[in-house]
Amino acid sequence: MTVRVLVADDQEMVRTALRLVIDRREGLMVVGEAGDGEQAVARAAELRPDVVLMDIRMPGTTGVEATRRITGCWPGPGPAPRVLVLTTFDLDEYVHAALRAGAAGFLLKNSPPDRLAEAVRAVAAGEAVLAPDVTRRLIDTVTALPAGLLPGPPPAARTDRTELSRLLTARELEVLVLVGRGLSNARIAAALGLSEATVKSRVNRILTRLGLENRVQAALLVHGDGQAPLVVRDGEPW
């Protein structure tokens with residue numbers, strides 16, 4: 001099945017480069033472009049792509065607002081497109097806002113072409129994609145907030161952490177830690193010698209068992225959510 005992509009960016013050169021990268025990959029196809037957030041919403045409703053590759057900063061209607069309207073006010077029929085947000089290091093506040101708006105993933109604009117293609121496929125398949133560097137900075141920012149401002153508490157994750165060894169198998173703990181490092185299912189599969197289908201199943205089971213809503217909450221748990229990290233081995237979260 002071909003993944004149909006809408007590219008939304010206010011710079012024509014960027015849109016052209018993204019189209020070249022995507023159209024050259026098997027199973028991916030750009031079906032349209034948008035130069036701002038308002039156009040992105042309209043073109044998404046018109047073309048009904050599987051994935052919207054969304055620039056976060058655009059004139060007028062921002063990528064954050066466009067994401068909110070696409071994911072939260074989709075007219076149907078059928079599911080709303082998944083939104084993969086493009087970001088840069090100095091725009092973390094937009095990353096937080098896009099997450100709340102319903103974005104399925106975040107990718108750095110300077111990501112290698114293969115990484116971009118992999119992220120588009122993963123988002124289309126229902127995964128949440130977080131670039132490792134974005135994940136780390138997101139965690140650093142969120143865990144620095146005062147306790148009263150921390151994002152919604154996943155109840156199971158805020159219980160005694162010794163319960164994790166009871167709730168999860170050793171292999172599931174390994175998967176959880178790699179999720180916390182921002183790895184996609186494909187990369188976790190390669191690292192652990194598993195199939196992508198197996199990893200996806202285990203990630204879903206982990207989120208369910210720990211009462212987590214998404215991979216960002218899992219990453220916060222791994223990195224301590226402002227407390228001690230989940231497991232430390234050789235000085236690093238394991």
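Side-chain contact between Leu53 and Ile22 is present, with heavy atoms from C-beta onward closer than 4.5 Å. Inter-residue side-chain proximity for Val175 and Leu192 is flagged as met; some heavy-atom pair is nearer than 4.5 Å. No side-chain heavy atom of Leu86 sits less than 4.5 Å from a side-chain heavy atom of Leu108.
When atom types are taken as modelled, the side chain of Asp50 and the backbone of Arg4 share a donor-acceptor pair closer than 3.5 angstrom. At least one donor-acceptor pair closer than 3.5 Å links the side chain of Thr208 to the backbone N or O of Asn204. Remark: side-chain polar atoms of Arg48 are not paired, donor with acceptor, to backbone N or O of Ala80 under 3.5 angstrom. Of the possible polar contacts, none joining the Thr71 side chain to the Ala103 backbone as a donor-acceptor pair under 3.5 Å is found.
Note that CG of Leu116 is 11.5 Å distant from CG of Asn110, once rounded to the nearest 0.5 Å. Separating the CD atom in Glu12 from the CZ atom in Arg19 is a distance of 11.0 Å, to the nearest 0.5 Å. Between atom CD of residue Glu38 and atom OG1 of residue Thr62 there is a gap of 11.0 Å, rounded to the nearest 0.5 Å.
Remark: the Ser201 side chain and the Thr198 side chain contain no N/O donor-acceptor pair separated by less than 3.5 Å.
With respect to the salt-bridge test (charged N to carboxylate O, under 4.0 angstrom), the residues Arg202 and Glu174 do not qualify.
When all heavy atoms are compared, the tightest approach of Asp9 to Gln11 is OD1-N, 2.8 Å. Looking at every heavy atom in both residues, Leu84 comes nearest to Gly105 through CD1-C, 3.6 Å. Smallest separation of non-hydrogen atoms from Arg15 and Asp10: NH1-C, 3.9 Å. When every heavy atom of Arg43 is checked against every heavy atom of Glu33, the shortest pair comes out as NE-O, 3.5 Å. Across every non-hydrogen atom of Glu118 and Ala186, the tightest pair is OE2-CB, 3.8 Å. Closest approach of Gln39 to Asp36, counting heavy atoms only: N-OD1, 2.7 Å.
Side-chain heavy atoms closer than 4.5 Å link hydrophobic residues (I, L, V, M, F, W, Y) into clusters, and following such links, even through other members, never connects Leu28 to Leu20.
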